[in-house]
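Chain naming here is simple, since letters A, B, ... match the order of the sequence lines and numbering starts at 1 in each. Note: hydrogens, waters and symmetry copies are ignored here, and every other heavy atom, side chains too, is used. Remember, predicted model here, so these are calculated numbers, not experimental data.
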Protein chains: 2
Amino acid sequence: MPRPPRVSPDRILAAAAAEFAERGFAGARVDRIARRARVNKAMLYYHFGSKQALYRTLLRQTFAEAAGRLGAVASGPGTGPAKVAGAIAAFAAFIQERAFFPAIMLREVAEGGSRLDRETLAALAGVPRAFFGILAEGVARGDLRAVHPLVAYFSALSPIVFFLAADPIRQELGNTHLTKLRGLTSDEFVRQIQDAMRLSLAPHPQKR
Amino acid sequence: MPRPPRVSPDRILAAAAAEFAERGFAGARVDRIARRARVNKAMLYYHFGSKQALYRTLLRQTFAEAAGRLGAVASGPGTGPAKVAGAIAAFAAFIQERAFFPAIMLREVAEGGSRLDRETLAALAGVPRAFFGILAEGVARGDLRAVHPLVAYFSALSPIVFFLAADPIRQELGNTHLTKLRGLTSDEFVRQIQDAMRLSLAPHPQKR
DNA sequence: GTCTATACTTCGATAGAC
DNA sequence: GTCTATCGAAGTATAGAC
């Protein structure tokens, strides 16, 4: 006998994700989140207590799941280069399921994490930690070059976050004819980042 | 005979840069900007008209200067690889002079540019345009590989923006012992990104 | 759990004197 | 150009009935 689904909290979280991504914490409006979720505003406070608690709940869940996906790649099988490519793919796939993620990530980095509690910060830290684990294992095994982990981490993931988050602004620039470029799908972009990482992390010079 | 310097507008712009970077447009407070600039709030409105006009003025100036720096590299002398490295260095140097830039850039991308007028968007578009020019020239001359310009652009600049913007959050994570890493200076980071780009844009396989 | 009505606060912006 | 005082809108949050 299935438990009755807590539709309200889940709908509120989904609505909050969209609103916070579009407007940021300060720009988000509780009324708008409630309306998007088709619940009464009082219900939102009943379930989450405050705007900030809602925000933290959303981010903690999201970060934890992202870290979980990368952690699964890290503890799975495969060579170092394959795991790096797998981590990039997993991260990109996660983002594409949760289109709100890049914008929120960008905003939270800009904010310096000032609004996050310890638990949420810990969830966020799980993302780089999983990636660093892959790098360390590969270096120990000798199939990855020992670059500084932060360099590899930011080289691999930040272009993806940025590229996907910048989609609206690219549209806008394209529409006003300020720039013209051959289209590039997200999948192509991700593949190219994987290739670039493979090259820059290869332990020995290699043929292209 | 030197014109009297318009200290108020300049001080207001500097204060606005800090405030907008820390809190975003919606989170920024006009009162706080005025206080930081040590001017009366009415003066701020006298000079800039509205919070949004102030914001746009700041971003237009900043984007235009960033584009100008990259444009100078693009139209200057040097091989393709040297110009790419030069553009990365110029961009990093610009950011380090204007510490507020990464956070504002991140926020504006997250925002989808929705708050920018046409002129400010045009200024922003000058940044990738200069970078694309360097790439096209190098490809035509045969000393750069023809990767998609967007991939090169995001690979080169977004890690730098992210790394520098994430400094506060790294401090916080480090302080709460959630992660431990050997330090990495901004200069080292930039140099490594230059190296990675040199590798991934080399027209032929090369020794490391 | 759900809703209406509203208290309380903050903030952008301006009026108007100097 | 500069300042004080304040308006009016908008926003978070809650009280209290059902």
Touch class at under 4.0 angstrom, heavy-atom based, for B/A28 against every strand present: sugar-phosphate

Whichever of A/A42 and A/D31 has its nearest DNA chain D nucleotide further upstream toward 5': A/D31

A/K51, nearest nucleotide to its side chain (from D/dA13, D/dT2, C/dG1): D/dA13

Interatomic distance where CZ belongs to B/R35 and P belongs to D/dC3 [whole Å]: 15 Å

Integer-rounded Å distance: D/dT12 C1' and A/K41 NZ: 7 Å

Nearest-Å distance for atom pair CZ/C1', residues B/F48 and C/dG12: 16 Å

For atom CE of B/M43 and atom P of C/dG16, their distance in whole Å: 20 Å

Greater than 12 external heavy atoms within 6.0 Å of A/R141's CZ: yes

Whether A/F20 and A/F25 hold their rings parallel, tilted or perpendicular, with breakpoints at 30° and 60°: parallel

Listed nucleotide nearest any side-chain atom of A/N40, set C/dC3, C/dG12, D/dT2: C/dC3

Under 4.0 angstrom between A/R29 side-chain N/O and D/dT12 OP1 or OP2: yes

Nearest-Å distance for atom pair CZ/P, residues A/R23 and D/dA10: 14 Å

Distance, rounded to the nearest Å, where B/R38 contributes CZ and D/dG1 contributes P: 18 Å

Ring geometry between B/F163 and B/F189 (parallel below 30°, tilted from 30 to 60°, perpendicular above 60°): parallel

A/I33 CD1 - D/dG11 P separation (whole Å): 12 Å

Side chain to side chain contact (heavy atoms under 4.5 Å, CB included), paired with A/R29, selected from A/K41, A/R23, A/K51: A/K51

Nearest-Å distance for atom pair OH/C1', residues B/Y45 and C/dC11: 8 Å

